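Shown next, in structure tokens, is the structure this report addresses.
For clarity, every value in this text was computed on a predicted model and none was experimentally measured.
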Amino acid sequence: RGGAGASVFAAATAVRAARDGSRVLLVDCDPLGGGVDLVLGAEDVGGLRWPGVGTGVGRVPANALHAALPAPELDGTGGLAVLSCDRSPHGPSPAAVGTVLDAGRRAGDTVICDVPRYPTEAAVAALEAADLTVLVVPADVRSCAAAARVAAVVAEHSGPSVGLVVRGPAPGGISPDEVARALGLPLVAAMRAQRGLGRALERGDAPGRARGPLSDAAVTVLKALRVAAAQAAS
């Protein structure tokens, strides 16, 4: 459902991967999300957003992408480039998304996409290219009901590796395993609520920089991604 925290989790996973030494490309596929650069506190960092990247097909060098995109300051990292939607309702074309993802994959980047819960054509392009698709679900009844609908849509477009991140708190005591059983999807990570996260985001502090439940869950998902990518390549 809206407000589940998928954009924050995508950003935190990108930050964690970069801090672990990977070169990372974070791609925003949600034109109504307000821009994933805001989640990272990077809205004032210079560089191209989707409207400036173009919609053509063909090959784009990943080094050129990294040079042109905003790169938030994260000490001691492998490098994080962010391709964000801006504050307009017009998102990228599926061809443009495919070109960018292909560039990152050929260069060996860790590519993380934030997609809306009802996929646009651009989001479908990202889902079809993904080695691992993660559904972020708060541990409450309404969220589980909404997630069942989202999971059905995702299943139409994504590859075989789809899993859950279940986010606390659980007002009614629903466990992460119960959520996974209800949705018929494997549990990748369970995450309790992180104190002070809302205030940190309002200050512009990038999620995933500090140790805590969010960062720990991101590390678990990155491990699952490496396994899924190896299986896809074999």
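When all heavy atoms of A224 and V188 are compared, the pair lying nearest together is CB-CG1, 3.9 Å. Here the shortest heavy-atom pairing between A42 and P72 reads CB-CG, 3.9 Å. The minimum heavy-atom distance between V39 and V8, with the atom names listed, is CG1-CA, 3.9 Å. In terms of heavy atoms, M191 sits closest to P213 at CG-O, 3.5 Å. Residues H157 and V124 approach most closely at ND1-CG1, 3.7 Å, considering heavy atoms. Nearest heavy atoms, C29 versus A126: SG-CB, 4.1 Å.
With sequence neighbours left out, L48 forms a side chain to side chain contact (heavy atoms under 4.5 Å, CB included) with V53, A68, L69. With sequence neighbours excluded, no residue forms a salt bridge (Lys or Arg N to Asp or Glu O under 4.0 Å) with R226. For R87, the side chain to side chain contact (heavy atoms under 4.5 Å, CB included) partners two or more places apart in sequence, or in a different chain, are D37, L38, E43. Applying the side chain to side chain contact (heavy atoms under 4.5 Å, CB included) test to S215 and every residue at least two apart in sequence or in another chain returns R16, R211. For D177, the side chain to side chain contact (heavy atoms under 4.5 Å, CB included) partners are S175, R181, L187, not counting sequence neighbours.
Judged purely by atom type and a 3.5 angstrom limit, R167 uses its side chain to pair as donor or acceptor with the backbone of A4. Without hydrogens or angle criteria, T13 side chain to F9 main chain gives a donor-acceptor distance under 3.5 Å. Side chain of W50 to backbone of D28: a donor-acceptor contact under 3.5 angstrom is found. Side chain of T99 to main chain of R59: no donor-acceptor pair is present (N/O by atom type, distance under 3.5 Å, no hydrogens or angles). No donor-acceptor distance shorter than 3.5 angstrom exists from the side chain of R195 to the backbone of A193, with no hydrogens or angles considered.
Linking ILVMFWY residues whenever their side-chain heavy atoms come closer than 4.5 Å, directly or via other members, places L197 and V221 in the same cluster. The hydrophobic clustering, which links ILVMFWY residues whose side-chain heavy atoms are closer than 4.5 Å, places V24 and V219 apart. Transitive grouping of hydrophobic side chains (ILVMFWY, heavy atoms separated by less than 4.5 Å) brings L225 and V136 into a common cluster. Both L222 and V165 belong to a single network of hydrophobic side chains, linked directly or stepwise wherever heavy atoms of I, L, V, M, F, W or Y lie under 4.5 Å apart.
Rounding to the nearest 0.5 Å places CG of L26 at 6.5 Å from CD1 of I112. Separation of atoms CD (E178) and CG (L183) is listed at 12.0 Å; rounding is to 0.5 Å. Put simply, OG on S161 and CG on D131 are 7.5 Å apart, with the number rounded to the nearest 0.5 Å. The CG atom of D216 sits 9.0 Å away from the CG atom of L214 when rounded to the nearest 0.5 Å. The line from CZ of R23 to NE2 of H66 is 4.0 Å long, rounded to the nearest 0.5 Å. Note that CG of L40 is 6.0 Å distant from CG of L80, once rounded to the nearest 0.5 Å.
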* Asked: Taking it one step at a time, do D140 and S143 satisfy side chain to side chain donor-acceptor pair (under 3.5 Å)?
  -> CA-CA 5 Å; D140 63 72; S143 295; 2.9 Å; yes

Could you walk me through whether L164 and V134 pass the side chain to side chain contact (heavy atoms under 4.5 Å, CB included) test, one step at a time? CA-CA 6 Å; L164 298 176; V134 173; over 6 Å; no

Discussion item. Could you walk me through whether L101 and C113 satisfy the side chain to side chain contact (heavy atoms under 4.5 Å, CB included) test, starting with their C-alpha distance in whole Å, then the side-chain angles of each, then the deciding distance to 0.1 Å, before giving a yes or no?
Written reply: CA-CA 9 Å; L101 300 188; C113 298; 3.5 Å; yes

- Step by step, work out the side chain to side chain contact (heavy atoms under 4.5 Å, CB included) result for D30 and L32. CA-CA 5 Å; D30 187 359; L32 300 182; 4.0 Å; yes

Test side chain to side chain contact (heavy atoms under 4.5 Å, CB included) applied to V100 and V27, step by step
CA-CA 8 Å; V100 167; V27 182; 4.1 Å; yes

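Within a 6.0 Å radius of CZ in R149, other residues, nucleotides and ligands contribute 12 heavy atoms or fewer.
Proximity of P92 to C85: side-chain heavy atoms (C-beta onward) are separated by under 4.5 Å at one or more points. Contact of the P119 side chain with the E156 side chain is not registered, since no non-hydrogen atoms from C-beta on lie closer than 4.5 Å. Residues I174 and V141 are in side-chain contact: their nearest non-hydrogen atoms beyond the backbone lie under 4.5 Å apart.
Applying the salt bridge (Lys or Arg N to Asp or Glu O under 4.0 Å) test to residues at least two apart or on different chains, the pairs with a partner in residues 199-208 are R203-D205.
Comment: R105 does not engage D109 in a salt bridge, judged by the lack of any side-chain N to carboxylate O separation of less than 4.0 angstrom.
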